[in-house]
Amino acid sequence: MSYLGEDIKKLGFGLMRLPKVEGDDSKIDVEHVKKMVDAFLSAGFTYFDTAWAYQGSENAMRQALIERYPREKFQVATKNAAWINCKTREDAIAQYETSLKQSGAGYFDFYLLHNLGEHRTKFFEDFDLWNYFLGEKRKGKIKHLGFSFHSTPEELEEILQAHSEAEFVQLQINYADWDNPAIQSRACYEMARKYNKPVIIMEPVKGGNLANPPESVAKVFKAADPNASCASWAIKFAASLDGVITVLSGMSSLEQMQDNLSFMKDFRKLSDSEMQVIENARAELAKIPVIPCTTCDYCAKVCPMEIGISGSFTALNMYTLYKNLKSAKFQESWLVGGHGRKRANECVKCGACEEACPQHIHIRDELDRVVETFGF
């Protein structure tokens with residue numbers, strides 16, 4: 001099924017986690033990326049997703065894709081992050097112009113206002129960027145205009161009500177976060193559908209964590225199909241949702257690419273019995289004890305030190321579930337420091353947070369665990 005007049009298969013190539021040159025983690029291995037691009041296009045897939053903020057990605061895409069294939073054979077999506085180092089409208093527009101130059105794409109099939117929500121939305125409004133990019137769309141430089149989003153369903157509704165010109169929404173959706181109060185994948189997805197916006201899905205494998213889920217979860221999938229990877233279940237769950245344009249997979253190697261292509265080339269939606277397997281896996285995930293934080297942030301409103309309590313707990317829960325310290329530290333950095341909050345090691349143990357917490361969490365003890373786990 002096509003959306004917005006585009007015939008796009010259900011797997012998109014996310015260019016955020018491209019392979020790096022051995023011994024130089026700052027340099028993308030373009031030759032490896034070329035092999036991945038070749039395999040992707042040969043299998044009939046056409047959607048490539050990058051962003052100005054993904055260091056080196058637009059340049060790598062130009063070399064591996066744009067300069068090697070006819071432009072009409074694929075779709076390119078990139079993003080504008082007006083909230084990163086932009087003091088003026090001109091600064092934000094310069095990001096867009098840089099993306100055109102770095103990518104060499106000539107035009108963008110899908111252009112996204114990057115990561116709307118919270119304090120970030122204001123930059124796009126203050127700089128009147130919706131109108132600017134609509135103008136670029138009229139010029140043919142942009143075919144479809146939309147936005148990516150990582151916040152609450154209530155905030156999503158505000159944006160959709162204010163901007164009917166948004167043609168699509170990119171959301172973080174995976175089976176683990178479907179009912180996670182910190183992410184609210186289901187509620188955000190349902191909000192997008194309420195406004196009849198087609199959805200592009202990001203993080204279907206939760207940054208790679210669902211490729212290697214907890215052992216009890218992996219057993220559920222292996223019992224259902226010994227030959228299927230855990231990642232395949234995660235991606236197929238996302239791709240089975242109605243109204244989905246494509247599901248982005250941030251593939252980092254040709255091996256990952258080949259695995260994804262093997263189960264998505266002839267994709268069919270999960271059956272009812274297969275959806276039950278997903279439910280069983282989710283139930284196993286729920287049995288693992290985590291901090292019962294609902295991210296209501298009542299604690300944050302009374303904390304004299306402005307500690308990023310809920311963000312710290314979300315990151316610690318991620319580590320508890322997936323044992324991926326690098327990923328959990330990145331989550332803590334974004335949810336705490338990236339949102340202007342103080343880290344757990346600055347807690348003064350006043351206890352005001354615990355009096356405000358409706359879940360009766362022993363917040364001070366849990367913050368000590370955060371400090372111990374992440375080594376502040």
[X] atom [atom1], over 12 foreign heavy atoms within 6.0 Å:
| X | atom1 | answer |
| --- | --- | --- |
| Tyr107 | OH | yes |
| Glu372 | CD | no |
| Tyr298 | OH | no |
| Glu215 | CD | no |
| Gln55 | CD | no |
| Asn85 | CG | no |
| Glu67 | CD | yes |
| Lys265 | NZ | no |

Please determine, by modelled atom types, if [X] and [Y] share a side-chain donor-acceptor pair under 3.5 angstrom.
| X | Y | value |
| --- | --- | --- |
| Glu58 | Thr50 | no |
| Glu157 | Tyr195 | yes |
| Asp38 | Tyr69 | yes |
| Gln276 | Asn280 | yes |

Identify the heavy atoms of [X] and [Y] that sit nearest to each other, and give their distance.
| X | Y | answer |
| --- | --- | --- |
| Gln184 | Pro181 | CG-O, 3.5 Å |
| Cys350 | Arg364 | C-NH1, 4.1 Å |
| Leu160 | Lys197 | CD2-CG, 3.9 Å |
| Ile309 | Cys353 | CD1-CB, 3.9 Å |
| Pro204 | Leu210 | O-CD1, 3.7 Å |
| Glu366 | Leu316 | O-CD2, 4.2 Å |

To the nearest 0.5 Å, what is the distance between [atom1] on [X] and [atom2] on [Y]?
| X | Y | atom1 | atom2 | value |
| --- | --- | --- | --- | --- |
| Ile200 | Asp49 | CD1 | CG | 7.5 Å |
| Lys79 | Phe110 | NZ | CZ | 12.0 Å |
| Lys219 | Lys222 | NZ | NZ | 13.5 Å |
| His362 | Glu354 | NE2 | CD | 6.5 Å |
| Ile307 | Asn345 | CD1 | CG | 7.5 Å |
| Ile235 | Asp259 | CD1 | CG | 7.5 Å |

### Query
Parallel, tilted or perpendicular: which fits the ring planes of Phe147 and Phe149, with parallel below 30° and perpendicular above 60°?
perpendicular
#### Entry: Stepwise salt bridge (Lys or Arg N to Asp or Glu O under 4.0 Å) check, Lys87 with Asp91
CA-CA 6 Å; Lys87 295 181 180 179; Asp91 290 340; over 6 Å; no
[X]-[Y] co-clustered via ILVMFWY side chain contacts under 4.5 Å:
| X | Y | answer |
| --- | --- | --- |
| Leu321 | Ile361 | no |
| Trp334 | Ile291 | no |
| Ile183 | Met202 | no |
| Met275 | Tyr175 | yes |
| Val220 | Phe263 | yes |

Are [X] and [Y] near enough that their ring centres are under 6.0 Å apart?
| X | Y | result |
| --- | --- | --- |
| Trp178 | Phe237 | yes |
| Phe133 | Tyr111 | yes |
| Phe48 | Phe40 | yes |

Do [X] and [Y] make a side-chain contact, defined as non-hydrogen atoms from C-beta onward lying under 4.5 Å apart?
| X | Y | value |
| --- | --- | --- |
| Ile159 | Val169 | no |
| Thr121 | Trp83 | no |
| Met318 | Asn324 | no |
| Phe123 | Leu129 | no |
| Thr78 | Ser103 | no |
| Tyr322 | Pro214 | yes |
| Val247 | Tyr47 | no |
| Leu11 | Ser249 | yes |

Look at the side chain of [X] and the backbone N and O of [Y], then say whether any donor-acceptor pair between them is shorter than 3.5 Å.
| X | Y | answer |
| --- | --- | --- |
| Tyr3 | Gly243 | yes |
| Ser240 | Leu270 | yes |
| Arg186 | Asp179 | no |
| Asn80 | Leu113 | no |
| Asp177 | Asn180 | no |
| Lys323 | Thr320 | yes |
| Asn59 | Gly56 | no |
| His32 | Leu254 | yes |
| Arg71 | Phe74 | yes |
| Arg89 | Phe127 | yes |

### Task
Would you verify whether the NZ or CZ of Arg369 falls within 45 degrees of the ring axis of Tyr319 while also being under 6.0 Å from that six-membered ring's centre?
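No, Arg369 does not sit over the ring of Tyr319.
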### Query
Any cation-pi pair here, Lys329 with Phe374, using under 6.0 Å and within 45°?
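No - Lys329 does not lie over the ring of Phe374 by the 6.0 Å and 45° rule.
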### Query
Applying side chain to side chain donor-acceptor pair (under 3.5 Å), which residue pairs with at least one partner in residues 307-316 are found, sequence neighbours left out?
Asp297-Ser310
### Salt bridge flag under 4.0 Å for residues Glu279 and Arg282
yes
### Query
Less than 4.0 Å between a side-chain N and a carboxylate O, is that true for Glu284 and Lys287?
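Counted as a salt bridge, because a side-chain N and a carboxylate O are separated by less than 4.0 Å.
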#### Entry: Residue pairs, two or more places apart or on separate chains, that pass salt bridge (Lys or Arg N to Asp or Glu O under 4.0 Å) and touch residues 11-30
Arg17-Glu203
#### Entry: Whichever hydrophobic residues join Met16 through chains of side-chain contacts under 4.5 Å
Tyr54
### Task
Apply side chain to side chain contact (heavy atoms under 4.5 Å, CB included) to the pair Trp52 and His114, showing each step before the final yes or no.
CA-CA 9 Å; Trp52 171 88; His114 193 181; over 6 Å; no
